[in-house]
Chemist: 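The structure's right below; bear with me while I get my questions together.
None of the values given here were measured: they were computed from a predicted structure. FYI, the numbering just counts along the sequence from 1.
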Amino acid sequence: MTVTTQGTLRAAIYARKSTEDSRNPGKSIADQTREALAEVERRGWVLDEALVFEDSGISASRYARGKRRPGFDALVEAIEDGKVDVLVLAELSR
């Protein structure tokens, strides 16, 4: 784990929803992001806006294999590049 010079962890947020259909009871991307931001602030972590990743309308089920999730791919790249110390998710199914 890498810590910034001030000793503060660098956070990233990932929010995804298969559909914004009102019949789907999961949290909206906006709700997920808002809850994750509140947690980042509560813990005193640092969040760069470039480290908020979203995928809307893209399933992550095993039946959706082969579908690209650009937000998730960018998140993995940021983690591999050492830009992220902690990942915050507001929806447990992510």
Side-chain angles (χ1 to χ4, degrees):
M1 177 182 317
T2 305
V3 179
T4 62
T5 56
Q6 297 84 19
T8 304
L9 295 176
R10 299 166 299 162
I13 292 173
Y14 181 65
R16 185 193 59 79
K17 191 163 191 316
S18 296
T19 177
E20 291 298 330
D21 187 332
S22 62
R23 294 171 291 177
N24 185 338
K27 294 178 186 174
S28 71
I29 287 177
D31 288 343
Q32 292 176 52
T33 302
R34 189 172 26 260
E35 288 179 25
L37 282 169
E39 186 65 19
V40 168
E41 289 177 11
R42 185 180 78 74
R43 293 182 178 262
W45 295 333
V46 172
L47 177 70
D48 182 328
E49 284 185 30
L51 296 176
V52 176
F53 303 95
E54 301 175 350
D55 284 317
S56 178
I58 303 173
S59 176
S61 79
R62 67 177 183 234
Y63 304 108
R65 287 190 181 154
K67 283 189 178 179
R68 301 294 301 166
R69 290 184 284 155
F72 183 78
D73 293 341
L75 167 64
V76 170
E77 184 177 327
I79 292 170
E80 289 175 343
D81 288 348
K83 297 177 182 176
V84 176
D85 298 313
V86 61
L87 175 60
V88 183
L89 308 168
E91 180 66 35
L92 295 178
S93 64
R94 300 306 96 190

Chemist: Which atom names give the shortest non-hydrogen contact between Thr8 and Val46, and what distance separates them?
Modeler: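 Heavy-atom minimum between the residues: CG2-CG2, 3.2 Å.
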
Chemist: Could you give me the CA-CA distance, side-chain angles and deciding distance for Tyr14 and Asp55, then say whether side-chain contact (heavy atoms from CB on, under 4.5 Å) is met?
Modeler: CA-CA 8 Å; Tyr14 181 65; Asp55 284 317; 2.6 Å; yes

Chemist: Looking only at heavy atoms, what is the nearest atom pair of Ala36 and Ala90, with distance?
Modeler: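 The answer is N-CB, 4.1 Å.
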
Chemist: Any chance you could measure Arg34, atom CZ, to Ile13, atom CD1, to the nearest 0.5 Å?
Modeler: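 Arg34 CZ to Ile13 CD1: 11.5 Å, rounded to 0.5 Å.
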
Chemist: So, for Val88 and Glu39, which heavy atoms are closest and what is the spacing to 0.1 Å?
Modeler: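 Val88 and Glu39 have their closest heavy atoms at CG1-CB, 4.3 Å.
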
Chemist: Looking at CG of Leu37 and CZ of Arg42, how far apart are the two atoms once the value is rounded to the nearest 0.5 Å?
Modeler: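 Here the rounded value is 14.0 Å.
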
Chemist: Taking all atoms of both residues into account, what is the closest heavy-atom pair of Leu47 and Val52, and its distance?
Modeler: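 Shortest heavy-atom separation between Leu47 and Val52 comes out as CD2-CG2, 3.8 Å.
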
Chemist: Just verifying a value: how many Å separate Glu77 CD and Lys83 NZ, rounded to the nearest 0.5 Å?
Modeler: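 Reported value, rounded in 0.5 Å steps: 6.5 Å.
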
Chemist: Please name the pair of heavy atoms, one in Gln32 and one in Lys17, separated by the smallest distance, quoted to 0.1 Å.
Modeler: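 Closest approach of Gln32 to Lys17: NE2-CB, 4.4 Å.
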
Chemist: Taking all non-hydrogen atoms of both residues, which atom of Ala15 and which atom of Thr33 are closest, and how far apart?
Modeler: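 For Ala15 versus Thr33, the nearest heavy atoms are CB-OG1, 3.8 Å.
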
Chemist: Quick test of your reading of the model: are Asp48 and Arg10 salt-bridged, counting only N-O distances below 4.0 Å?
Modeler: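 Salt bridge between Asp48 and Arg10, a charged N being under 4.0 Å from a carboxylate O: no.
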
